[in-house]
Amino acid sequence: MNKQDNINKLIEEALNSVDDAQRAEPRPFLLTRIHARMNKGTESVWEKASWFISRPAVAFTGLCMIVLLNVMVVMFNKTSDSTTVAEQTVQTQADEFSYTVATIYDNDNTP
Amino acid sequence: MNQTELVVQLQQGDEAAFKKLVDDYQVMVYNTALGIVQNAEDADDITQEVFIQVFRSVSSFKGDSQFSTWLYRITLGKALDHEKKAKRKKRFGFVQSLFGSHDEVDKQQAEFDHPGVKMEKKERANELFNALKQIPDKQRIAFTLHKLEGQSYQEVAGIMNTTLYAVESLMGRAKANLRKELKKYYDINILE
């Protein structure tokens with residue numbers, strides 16, 4: 001029997017392996033365990049919250065929001081930084097070269 | 001006590017009726033859940049949850065379908081929910097492992113061994129259960145109900161709220177996909 005025939009035989013055996021299987025039974029005292037669980041109460045708020053947060057859609061949305069916020073903060077800082085730098089440069093140049101608006105009073109007061 | 005009487009008494013909150021419900025249906029619920037989640041502890045948990053839900057929501061059972069059909073639907077819903085939660089936990093465990101904690105990832109599911117399968121068929125059955133994990137949910141449900149629970153295609157159609165033709169098609173695709181998965185496995189693991 002070659003390998004392929006052997007594989008086909010195993011596949012058929014696997015597919016038919018549960019045909020005459022007995023039904024599985026739970027451990028004894030199921031009713032007692034059910035009563036104990038009923039008395040224990042429902043899930044706590046934290047369990048529910050963690051279940052909600054760990055849902056892929058929620059987790060992914062949250063992650064995207066955080067990334068987006070970070071990008072926005074970085075972009076905003078970049079813009080305000082460049083504005084400040086530009087303002088500083090203008091101011092420095094103005095100080096260095098004494099850019100002032102010449103007025104008629106300046107001319108009058110010039111000796 | 002027939003099904004209708006049982007339901008009426010359950011709706012009245014009768015404790016003895018609840019005990020009878022658990023006695024009569026525990027094997028059905030447990031075996032179905034076990035076929036889906038392939039883990040004895042999880043199946044036990046699901047069985048408890050199913051009976052608790054039945055106890056709390058039996059008043060909403062209108063008798064449109066058989067009581068056992070309703071019970072099967074609750075069981076399948078709970079089992080699939082449980083699986084989704086387990087997958088989410090596994091994903092979360094993987095993320096945790098990236099940050100140094102290996103607890104969750106180490107709890108990989110051991111190979112499943114169905115207690116009802118005959119000893120000489122255990123090995124093939126284990127391979128079949130592994131392949132079952134790889135096929136779509138609907139196909140897996142149809143296959144489990146038919147093969148493990150011994151339900152006819154007509155009964156499976158009732159439980160899955162679909163047509164007989166759809167169940168036949170699901171079973172055909174399930175078997176084809178299982179053959180594909182098993183072939184993949186044997187191609188790697190069987191020597192010349």
Side-chain angles (χ1 to χ4, degrees), chain A residues 1-70, chain B residues 18-19 22-23 26-35 40 43-45 47-52 55-56 84-85 87-89 91-92 95 114-118 120-131 143-144 147-150 175 178-183 185-187 190-192:
Chain A
M1 192 187 285
N2 64 19
K3 186 183 176 185
Q4 205 49 54
D5 289 341
N6 195 14
I7 286 176
N8 288 338
K9 185 173 164 271
L10 288 173
I11 290 173
E12 290 313 312
E13 279 179 15
L15 283 173
N16 299 325
S17 62
V18 292
D19 280 354
D20 50 1
Q22 300 279 316
R23 284 165 119 193
E25 290 182 23
R27 286 184 292 136
F29 310 114
L30 178 67
L31 189 65
T32 314
R33 293 200 298 281
I34 293 171
H35 280 306
R37 197 169 180 143
M38 276 168 142
N39 295 332
K40 197 179 141 195
T42 52
E43 287 178 306
S44 73
V45 177
W46 288 111
E47 277 173 323
K48 280 182 186 168
S50 63
W51 175 82
F52 180 73
I53 291 167
S54 64
R55 290 172 66 182
V58 178
F60 185 71
T61 312
L63 196 69
C64 286
M65 293 279 282
I66 291 168
V67 170
L68 193 71
L69 271 171
N70 276 295
Chain B
F18 185 65
K19 185 182 179 308
V22 175
D23 286 345
Q26 57 175 299
V27 174
M28 179 192 110
V29 172
Y30 179 77
N31 191 49
T32 308
L34 186 66
D44 199 77
D45 262 359
T47 307
Q48 291 175 38
E49 282 174 25
V50 169
F51 284 113
I52 291 171
F55 182 74
R56 288 181 179 150
K84 278 181 199 159
K85 273 187 195 173
K87 276 182 192 162
R88 218 174 292 145
K89 247 186 192 173
R91 235 176 291 151
F92 187 62
V95 174
H114 191 287
V117 174
K118 285 184 178 166
E120 66 270 21
K121 294 184 175 178
K122 289 245 183 233
E123 198 180 341
R124 295 289 93 79
N126 288 347
E127 290 150 5
L128 176 69
F129 279 113
N130 274 331
F143 190 88
T144 306
K147 289 276 191 176
L148 285 179
E149 268 297 293
K175 282 179 186 170
L178 286 170
R179 278 201 175 90
K180 214 185 289 173
E181 292 299 330
L182 287 165
K183 188 175 179 333
Y185 173 81
Y186 291 133
D187 275 340
I190 300 291
L191 299 172
E192 291 286 349

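Here is the naming used below: chain letters follow the sequence lines, and residue numbers restart at 1 for every chain.
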Next on the checklist: Leu30(A) vs Tyr30(B), test: side-chain contact (heavy atoms from CB on, under 4.5 Å). Steps then yes/no.
Outcome noted: CA-CA 10 Å; Leu30(A) 178 67; Tyr30(B) 179 77; over 6 Å; no
Next on the checklist: Among Gln22(A), Glu12(A), Gln4(A), which residue has the highest count of heavy-atom pairs closer than 4.5 Å to chain B?
Outcome noted: Gln22(A)
Item to check | Option in Arg33(A), Arg27(A), His35(A) with maximal non-hydrogen atom pairs under 4.5 Å from chain B | outcome: Arg33(A)
Do the non-hydrogen side-chain atoms of [X] and [Y] ever get within less than 4.5 Å of each other?
X         : Y        : result
Leu182(B) : Leu10(A) : no
Ile52(B)  : Arg37(A) : yes
Tyr186(B) : Asn6(A)  : no
Phe18(B)  : Ile34(A) : yes

To the nearest 0.5 angstrom, please state how far the [atom1] atom of [X] sits from the [atom2] atom of [Y].
X         : Y         : atom1 : atom2 : value
Leu15(A)  : Arg179(B) : CG    : CZ    : 5.0 Å
Ser17(A)  : Lys122(B) : OG    : NZ    : 10.5 Å
Lys175(B) : Ile11(A)  : NZ    : CD1   : 14.0 Å

Name the region of [X], side chain, backbone, both or neither, that has any atom closer than 4.5 Å to a heavy atom of chain A.
X         : answer
Asp45(B)  : both
Asp187(B) : both
Leu34(B)  : side chain
Lys183(B) : both
Phe55(B)  : side chain
Val117(B) : both

Next on the checklist: Taking salt bridge (charged side-chain N to carboxylate O under 4.0 Å, His left out) as the definition, give me every residue that meets it alongside Glu25(A), ordered by chain and number, with sequence neighbours left out.
Outcome noted: none
Next on the checklist: Please evaluate residues Met38(A) and Gln48(B) with respect to the criterion side-chain contact (heavy atoms from CB on, under 4.5 Å), reporting the C-alpha separation (whole Å), side-chain torsions for both, the decisive distance (0.1 Å), and the verdict.
Outcome noted: CA-CA 9 Å; Met38(A) 276 168 142; Gln48(B) 291 175 38; over 6 Å; no
Item to check | Structural part of Asn8(A) lying under 4.5 Å from a heavy atom of chain B | outcome: neither
For the residue pair [X] and [Y], what are the closest heavy atoms and their distance?
X         : Y        : value
Asp44(B)  : Pro26(A) : OD1-CB, 4.1 Å
Lys121(B) : Asn16(A) : NZ-O, 4.2 Å
Lys19(B)  : Leu31(A) : CG-CD2, 3.5 Å

Checklist entry - Of all of Gly150(B), Ala131(B), Gly35(B), Ala125(B), which one pairs up most often with chain A through heavy atoms under 4.5 Å apart? => result Ala125(B)
Checklist outcome for this item: Greatest number of non-hydrogen atom pairs under 4.5 angstrom with chain A, of Ala43(B), Gly116(B), Ala33(B), falls to Gly116(B)
Checklist entry - In this structure, are over 12 heavy atoms from other groups packed under 6.0 Å from Lys180(B) atom NZ? => result no
